[in-house]
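Reading through the structure tokens given below for one structure.
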Protein chains: 4
Amino acid sequence: MTEISLQRLEFSLDPKSGVPFYKQVILQVEMAIADQRLTQGDQLPTVRSLAVDLRINPNTVARAYNELEIRGIVTTQQGTGTFISDKQIELTAVQREEVLAEMSKSFISKAYSYGFTIEELIDYLEELGRDGGQ
Amino acid sequence: MTEISLQRLEFSLDPKSGVPFYKQVILQVEMAIADQRLTQGDQLPTVRSLAVDLRINPNTVARAYNELEIRGIVTTQQGTGTFISDKQIELTAVQREEVLAEMSKSFISKAYSYGFTIEELIDYLEELGRDGGQ
Amino acid sequence: MTEISLQRLEFSLDPKSGVPFYKQVILQVEMAIADQRLTQGDQLPTVRSLAVDLRINPNTVARAYNELEIRGIVTTQQGTGTFISDKQIELTAVQREEVLAEMSKSFISKAYSYGFTIEELIDYLEELGRDGGQ
Amino acid sequence: MTEISLQRLEFSLDPKSGVPFYKQVILQVEMAIADQRLTQGDQLPTVRSLAVDLRINPNTVARAYNELEIRGIVTTQQGTGTFISDKQIELTAVQREEVLAEMSKSFISKAYSYGFTIEELIDYLEELGRDGGQ
DNA sequence: GTGGTCTAGACCACA
DNA sequence: GTGGTCTAGACCACT
């Protein structure tokens with residue numbers, strides 16, 4: 001696929017969304033990993049620098065990073081920084097299929113409650129896939 | 001396999017989204033109106049039945065309905081029920097896209113943590129779409 | 001086995017241990033679950049009451065509970081309380097064995113660094129098993 | 001299978017214990033002295049080699065050694081190394097038990113989260129003990 | 001009254 | 001400089 005964009009790592013918060021800041025940060029880190037803007041071993045912005053960037057309290061950033069660490073998505077080294085972890089969840093093919101089915105069903109149900117069709121979902125995911133492609 | 005039914009109105013809550021339950025309900029009603037799944041005069045589920053359905057406190061549903069009424073989107077008839085009023089909901093393509101984007105990103109993030117790629121997700125959804133017919 | 005003790009749920013902190021308060025709380029909840037003083041569905045002390053009990057800040061208790069929730073050990077319901085989760089990690093027999101082996105090896109290595117022998121470990125675990133037995 | 005070697009001195013760190021690295025090092029040296037695995041005149045690993053071994057910053061090792069020296073437990077000879085001094089370490093049974101208890105509880109807690117019972121742990125350790133000879 | 005989020009600010013541990 | 005812990009206190013969401 002063609003290299004459309006070399007998106008930098010850029011966080012932003014939407015205070016009106018009702019989504020807590022720390023969850024927005026978590027989500028954006030996960031998204032960055034999902035579309036390869038962040039990969040194993042990459043360092044995240046420091047707690048303090050991201051806090052300044054986003055104009056929020058360092059504790060809030062720390063909380064997001066902490067939760068990411070508990071989930072095994074990042075690892076931190078005191079005094080050094082926070083890095084994307086290299087750990088991957090290992091599942092059997094059957095378990096993988098089960099997880100995928102359950103996740104997808106719940107995604108579709110939710111989307112359906114908002115009036116979206118499966119086609120719209122697929123179109124949107126394809127768009128994301130193209131934009132975020134490596 | 002998909003179990004995505006063709007009911008016109010179906011609420012669902014995502015406790016992990018960080019969006020308050022009552023806001024999720026409000027948004028789903030608004031989207032349904034914008035989609036014509038709900039039109040003027042349609043009755044909403046009763047507070048109690050929806051509360052049971054969603055396994056939340058009736059106060060939470062009441063709060064959502066109350067806010068919808070304040071905005072003029074529904075009207076409550078004491079002892080009868082809650083009905084869609086004649087106010088038009090205009091959701092721009094942008095607003096719709098925002099909702100879709102948030103949902104999709106959260107889906108992708110979760111999927112990532114299990115090692116799925118966007119391509120796998122799309123394939124699976126397409127499969128569901130074929131099997132389930134829409 | 002005979003019912004030696006009906007231990008109540010009682011938390012305590014050791015400020016001198018160097019172990020952060022919130023980790024001590026987490027550990028004590030886990031221990032209580034491990035020896036059945038807490039089982040599925042049981043409610044934990046409220047954040048505020050435990051904070052008063054332990055004479056620490058409610059945020060510190062909340063942090064412990066939050067981490068327990070992320071790990072799937074407890075679930076919280078806003079406005080209601082925090083409860084022992086019924087979720088169990090499901091593993092195949094092979095995975096179980098692998099996990100057990102890895103955990104045990106690391107436990108023994110650590111114990112060995114402190115000069116303990118396997119026999120001492122076994123003796124101590126047996127003692128814990130007797131005391132905490134249901 | 002056990003890979004528990006018979007080396008007299010082996011350091012290990014548990015980053016998740018919440019106990020600072022330098023304190024873990026100090027405690028392990030003390031326990032080794034109390035156990036006679038280290039006696040007067042024995043040389044400790046050099047700061048650099050231990051730092052490499054444990055994959056931590058040499059400053060951290062230096063800090064541990066420094067504190068041990070302040071307490072009179074080791075003496076440093078510039079350019080030569082760090083040696084056990086003649087000071088006796090008296091660890092009471094209670095202190096030893098405390099260390100053992102903390103380690104064991106943390107082991108059990110983790111094991112619990114994977115659904116293992118204390119009995120299974122004991123069985124497995126006994127197996128290791130037999131296989132590996134002690 | 002329950003838990004959840006966020007801030008401000010202090011102090012510690014580590015590099 | 002890095003992240004980690006804790007407090008005090010405010011305000012919100014939900015029962």
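Chain letters run A, B, ... following the sequence lines, proteins first, then strands; residues in each count from 1. All heavy atoms count here, side chains included; hydrogens, waters and symmetry mates do not.
- The nearest whole Å value for the distance from the CD1 atom in Ile26(B) to the C1' atom in dA13(F) is 13 Å.
- The nearest heavy atom of DNA chain E to Arg63(A) and to Gln43(C) marks one nucleotide each, and the one closer to the 5' end goes with Gln43(C).
- At a non-hydrogen distance threshold of 4.0 Å, Arg48(A), Asn59(A) from residues 48-59 of chain A come into contact with DNA chain F.
- Considering only side-chain N and O atoms, Thr76(A) lies nowhere under 4.0 angstrom from the phosphate OP1 or OP2 of dT2(F).
- The shortest side-chain heavy-atom distance between Phe107(B) and Ser106(A) does not fall under the 4.5 Å cut-off.
- When rounded to the nearest whole Å, the span between CG of Asn66(A) and P of dT2(F) equals 18 Å.
- Comparing dT7(F), dG3(E), dT5(E) by their closest approach to the side chain of Phe21(C) singles out dT7(F).
- Thr60(C) has its side chain out of reach of Leu54(C): every pair of non-hydrogen atoms, C-beta onward, lies at least 4.5 Å apart.
- Look at NZ on Lys16(C): it is 19 Å from C1' on dC6(F), rounded to the nearest Å.
- Looking at heavy atoms from C-beta onward, Met103(C) lies in side-chain contact with Tyr114(D) at the 4.5 angstrom threshold.
- Between Phe83(C) and Thr76(C), the closest side-chain pair of non-hydrogen atoms is not below 4.5 Å.
- Using a 4.0 Å cut-off between charged side-chain N and carboxylate O, Glu67(B) and Arg71(B) make a salt bridge.
- Between Tyr22(A) and dT5(E), a side-chain N or O to OP1/OP2 separation shorter than 4.0 Å is present.
- Side-chain contact between Tyr112(C) and Ser12(D) is absent, with no heavy-atom pair separated by less than 4.5 Å.
- Checked against salt bridge (charged side-chain N to carboxylate O under 4.0 Å, His left out), Arg48(A) has no partners two or more places apart in sequence or in another chain.
- Look at NZ on Lys23(C): it is 16 Å from P on dG3(F), rounded to the nearest Å.
- In this structure, the side chains of Val61(C) and Ile56(C) come closer than 4.5 Å at one or more pairs of heavy atoms.
- To the nearest angstrom, P of dA13(E) lies 16 Å from CG of Leu13(D).
- Counting only Watson-Crick and G-U wobble pairs whose two key distances fall under 3.5 Å, DNA chain F forms stems of three or more stacked pairs at E:1-14 with F:1-14.
- Spacing between atom CD1 of Ile70(A) and atom C1' of dG3(F) amounts to 14 Å, rounded to whole angstrom units.
- The shortest distance between side-chain heavy atoms of Glu30(C) and Leu68(C) falls below 4.5 Å.
- Comparing Thr60(A) and Thr46(C), the nucleotide of DNA chain E nearest to each residue sits closer to the 5' end for Thr46(C).
- In this structure, the CD atom of Glu67(A) is 11 Å from the P atom of dC6(E), given to the nearest Å.
- In this structure, Tyr65(C) atom OH and dT5(E) atom C1' are separated by 18 Å, rounded to whole Å.
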